[in-house]
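This report concerns only the one structure given below.
Basis for what follows: all heavy atoms, side chains included, without hydrogens, waters or symmetry-related copies. Index from 1, following the sequence.
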Amino acid sequence: VGDLAAAVRIAANARGFASAQGDFLAVVSGLTTEVGIRETKSIVAEAVRGMEVRPTPTLKVLARCPKRVLVTFNYDDAIEKSVKAVGLRPRPLLPGTSAAFRDPAAGEVAVIHVHGSADVADSLVLPGRTTDALNANPGFMMLIQSLWARSQVLYLGFRFGPAESHLRAALGGLATTLPDAQPQFLMIPESEFEIRGEELSVLQANPLFRAIRYSASLDHAAVHYAALLLAPTNEPAADVLTGRALPPPDYYLPP
């Protein structure tokens, strides 16, 4: 996946709108001020749908997790494509529907887009005002706390930063109302842990939260290994191997 902020700037410019420079938050904030939230969501959805998204080895491992429920904060369909790649049926779900509370059927993997999907532009939860509004959304909070209360949660490729005020509020509420809930684990590179030490210490004061530090390689192999712990598999992946052995010769005559 490429640079989402750059893709949004290109989509906005194609519609005749100027866009701010900077990261995704800066671009979205500028567009929201200029054209409003609804048009900004449409531009972001268009940008996401235009980006190349492929199954990855790690996502294909996660697609086999025994729980068969994957929660994503991304707008794209990378998980759905990865689920199909391993021979299962993805079931995309959005908050605001009772179906998101139900277990997937046999052969299905529930993919819950808690921040919306690019296929439904109005569903997108953008950083800033729309994210903060989730604090006052009882349906969203009910879904998040329901998912968290019945499962162990492992965050992969997610920061759980200060801007995620709705998630921090939900986690605090869960610790208060259901202190025996399963713990949650955030995998975070060692370098980022050092930078965010004080901020993360506040999160780790919650008895349900743990930060797991790892030494980050260029390919973040530790994240893939964590996925393998959830769904062990020894199936060779063609996109990882560089070659295959030849079929063995017939050394013996048929009976």
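Partner of Y155 under the side-chain contact (heavy atoms from CB on, under 4.5 Å) criterion, chosen from I188, I212, L186: L186.
A 6.0 Å sphere centred on CD of E194 holds more than 12 heavy atoms belonging to other residues, nucleotides or ligands.
From R9, atom CZ reaches atom CD1 of I43 across 13.0 Å, with rounding to the nearest 0.5 Å. Expressed to the nearest 0.5 Å, how far CD of E192 lies from CE of M187 amounts to 12.0 Å. Between L143 atom CG and T97 atom OG1 the span is 9.5 Å, to the nearest 0.5 Å. How far OG of S29 is from CG of D23: 8.5 Å, rounded to the nearest 0.5 Å. The NE2 atom of H113 sits 10.0 Å away from the CG atom of L70 when rounded to the nearest 0.5 Å. Here T177 contributes atom OG1 and Q145 contributes atom CD; the two are 5.5 Å apart, rounded to the nearest 0.5 Å.
Residues V28 and V48 share a hydrophobic cluster, clusters being chains of Ile/Leu/Val/Met/Phe/Trp/Tyr side chains in contact below 4.5 Å. No chain of hydrophobic side-chain contacts below 4.5 Å, direct or via other Ile, Leu, Val, Met, Phe, Trp or Tyr residues, connects I112 to L156. L25 is not connected to V44 by any chain of hydrophobic side-chain contacts under 4.5 Å among Ile, Leu, Val, Met, Phe, Trp and Tyr, and they are in different clusters. Hydrophobic clustering (ILVMFWY, side-chain heavy atoms < 4.5 Å, transitive): V153 and L134 are in one cluster. Follow the hydrophobic side-chain contacts under 4.5 Å out from F185 and you never reach L174; the two are in separate clusters.
No donor-acceptor pair under 3.5 Å is formed between the side chain of R64 and the backbone N or O of L230. In this structure a side-chain-to-backbone donor-acceptor pair under 3.5 Å is present from Q204 to A211.
Nearest heavy atom pair, residue A45 against residue A121, reads CB-CB, 3.7 Å. A pairwise comparison of heavy atoms in F24 and A5 identifies N-CB, 3.7 Å as the closest pair. Contact record, R49 with A118: NH1-O, 2.7 Å, taken as the closest heavy-atom pair. In terms of heavy-atom proximity, A227 sits nearest to L62 at CB-CD2, 3.6 Å. Looking at every heavy atom in both residues, V125 comes nearest to V114 through CG2-O, 4.3 Å. Closest approach of V53 and K81 over heavy atoms only: O-NZ, 3.2 Å.
Taking the six-membered ring for Trp and the full ring otherwise, the centers of F160 and F209 sit less than 6.0 Å from each other.
Considering only heavy atoms from C-beta on, L167 comes within 4.5 Å of F158 through its side chain. Within the 4.5 Å cutoff, side-chain heavy atoms of L94 are placed close to those of S117. Side-chain atoms of H220 and P189, non-hydrogen and from C-beta on, do get closer than 4.5 Å to each other. Two residues are said to be in side-chain contact when any heavy atoms from C-beta on lie closer than 4.5 Å; W148 and L208 fail this criterion. A 4.5 Å side-chain heavy-atom check between S151 and K67 finds at least one atom pair inside the cut-off.
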All N/O donor-acceptor pairs, side-chain side in residues 126-133, below 3.5 Å, sequence neighbours left out:
unit_1, atom_1, unit_2, atom_2, d
T130, OG1, L126, N, 2.7
T130, OG1, L126, O, 2.5
T131, OG1, L126, O, 2.7
D132, OD1, S165, OG, 3.3

Identify every side-chain donor-acceptor pair in residues 98-107 under 3.5 Å, counting partners at least two apart or on other chains, and give the distances.
unit_1, atom_1, unit_2, atom_2, d
S98, OG, R102, NH2, 3.0

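Counting only residues at least two apart or in different chains, salt bridge (Lys or Arg N to Asp or Glu O under 4.0 Å) contacts with residues 36-45 comprise R15-E39, R38-D122.
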Under the salt bridge (Lys or Arg N to Asp or Glu O under 4.0 Å) rule, what do R159 and E164 come out as? Steps first, then yes or no, please. CA-CA 9 Å; R159 295 191 77 250; E164 311 296 344; over 6 Å; no
Run D76 and M51 through side-chain contact (heavy atoms from CB on, under 4.5 Å) and show every step you take. CA-CA 9 Å; D76 60 55; M51 299 178 75; over 6 Å; no
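H115 and F140 have parallel rings, their planes meeting at less than 30° on a 0 to 90° scale where 60° marks the start of perpendicular.
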